Peer 1: 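One structure, as structure tokens, below. Some questions next.
Being a predicted model, the structure only gives us computed values, none of them experimental. Starting from 1, each residue takes its place in the sequence as its number. Counting starts at 1 for both ligands and their atoms, in listed order.
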Amino acid sequence: MKIVVLIKEVPDTWGDRKLSLETGLTERDASDRVLDEICERALEVGLSYADAHEGTDVVVLSMASEASTATVRKGLAMGAASAVQVVDGDLLGADMGLTAEVLAATLQRIGFDLVIAGNLSTDGSGGMIPAMVAEILDVPSATNLTSVEISDGAVEGVRLSDAGSMRVRAELPAVVSITEALPDARFPNFKGIMAAKKKPFETLGLADLGLDAADPEASRSIVISLAERPPREAGVKIVDEGDAGQKLADFLAENRLV
Ligand SMILES: Cc1cc2nc3c(=O)[nH]c(=O)nc-3n(C[C@H](O)[C@H](O)[C@H](O)COP(=O)(O)OP(=O)(O)OC[C@H]3O[C@@H](n4cnc5c(N)ncnc54)[C@H](O)[C@@H]3O)c2cc1C
């Protein structure tokens with residue numbers, strides 16, 4: 001069984017996150033660069049299966065700039081057997097369509113039985129990459145899973161909705177995305193960090209994948225304007241003069257919070 005986990009480097013959610021108002025790009029150096037936590041959980045799903053099933057090959061795949069190599073390597077330190085990183089200057093500012101095309105072309109090249117991704121990144125927050133990749137590859141996708149059970153020929157899981165929960169199943173090969181309901185990931189230990197240095201790490205460019213970011217036939221979307229989120233307004237302070245309960249209830253009703 002070959003499991004490929006899609007991993008993405010993001011600006012640390014605990015630090016400042018900024019968009020450049022000039023280029024429209026994320027300012028990646030405004031805070032620490034980290035592996036998105038949801039991708040760590042996705043990797044944990046693959047590694048847990050591999051721990052219990054000998055012969056499972058877990059590969060991490062990322063489309064990211066050269067500066068993200070250390071983050072991709074963290075996937076190896078956690079336990080993945082190999083890594084593939086797609087790096088190409090023409091991918092700067094790639095929209096979701098191009099991102100999905102690149103990931104799908106790489107998956108076709110390296111082969112897979114199961115692809116595991118996060119359901120939503122903490123920077124782009126598009127939430128569509130896993131389904132788009134599955135569509136291009138023409139394989140089933142089971143998205144937003146809160147539990148995952150992998151067997152030889154299929155993957156099953158539960159997806160929650162406001163109305164209830166549903167159990168979904170897809171025959172392999174397939175793409176799944178997982179939510180934060182899945183367990184926390186393991187930390188890389190010293191042995192893992194040392195071993196990561198010797199594990200296979202393949203770097204590919206657009207030409208290796210037969211893709212052209214500027215293909216005039218492809219439909220691409222571009223950011224045409226952006227604005228900074230307005231600063232948070234000061235909260236309302238209710239001083240208790242014997243009527244705080246009423247004031248609180250009025251505030252909640254006015255703001256349609258009850
Ligand atoms: C119209 C539009 C225009 C955009 N233009 C720009 C732009 O000009 N500049 C810019 O910087 N960004 C731009 N973006 C954002 C950029 O396209 C996304 O950040 C990127 O394509 C991935 O989407 P996401 O992070 O929203 O994915 P999501 O669908 O939220 O991610 C879900 C999961 O997919 C996997 N995944 C996502 N991306 C990758 C990746 N690169 N490698 C490996 N796995 C991955 C991960 O497992 C992740 O957890 C644009 C987005 C849109 C919608």
Peer 1: Of all the atoms in ligand 1, which lie at a distance below 4.0 Å from a heavy atom belonging to C39?
Peer 2: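 Close to C39: 46 (C), 47 (O), 49 (O).
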Peer 1: Looking at ligand 1, does L61 have a heavy atom less than 4.0 Å from it?
Peer 2: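 Within the 4.0 Å threshold, so yes.
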Peer 1: Which atoms of ligand 1 are found less than 4.0 Å from any heavy atom of A117?
Peer 2: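 So the answer, numbered in order with elements, is 47 (O).
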Peer 1: Strictly under 4.0 Å, does any heavy atom of L103 approach an atom of ligand 1?
Peer 2: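 Contact check L103 vs ligand 1: positive.
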Peer 1: Would you check whether S62 reaches within less than 4.0 Å of ligand 1, judged by its heavy atoms?
Peer 2: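 Per 4.0 Å heavy-atom rule, S62 contacts ligand 1.
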Peer 1: Give yes if a backbone or side-chain nitrogen or oxygen of L6 is under 3.5 Å from a nitrogen or oxygen of ligand 1, and no if not.
Peer 2: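 Yes, there is a polar N/O contact under 3.5 Å.
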Peer 1: With nothing but distance in play, are any N or O atoms of S221 less than 3.5 Å from an N or O of ligand 1?
Peer 2: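 No; the residue has no nitrogen or oxygen that sits under 3.5 Å from a nitrogen or oxygen of the ligand.
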Peer 1: What do you reckon, does S125 have a nitrogen or oxygen under 3.5 Å from a nitrogen or oxygen of ligand 1?
Peer 2: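 Yes, there is a polar N/O contact under 3.5 Å.
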Peer 1: Is there a donor in the side chain of D36 and an acceptor in the side chain of T122, or the other way round, less than 3.5 Å apart?
Peer 2: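 There is such a pair (donor and acceptor under 3.5 Å, judged by atom type) between the side chains of D36 and T122.
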Peer 1: A64 near ligand 1, heavy-atom distance under 4.0 Å?
Peer 2: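 In this structure, A64 fails to qualify as a contact of ligand 1 - no heavy atom is under 4.0 Å.
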Peer 1: I want to know if ligand 1 touches L120 in the polar sense, i.e. an N/O pair below 3.5 angstrom.
Peer 2: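 Between L120 and ligand 1 (N or O atoms, distance only) the closest approach is not under 3.5 Å.
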Peer 1: Dump the intermediate steps for side-chain contact (heavy atoms from CB on, under 4.5 Å) on C39 and K8, then the final yes or no.
Peer 2: CA-CA 7 Å; C39 298; K8 185 181 187 192; 4.2 Å; yes
Peer 1: Does this structure show an ion pair linking K74 with E9, if we count only N-O contacts that are shorter than 4.0 Å?
Peer 2: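 Salt bridge flag = no for E9 with K74.
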Peer 1: Any salt bridge linking K247 with E241? Criterion: basic side-chain nitrogen under 4.0 Å from a carboxylate oxygen.
Peer 2: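 Salt bridge: yes.
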Peer 1: Where do F112 and L172 land on the side-chain contact (heavy atoms from CB on, under 4.5 Å) test, with the steps shown first?
Peer 2: CA-CA 9 Å; F112 65 95; L172 298 181; over 6 Å; no
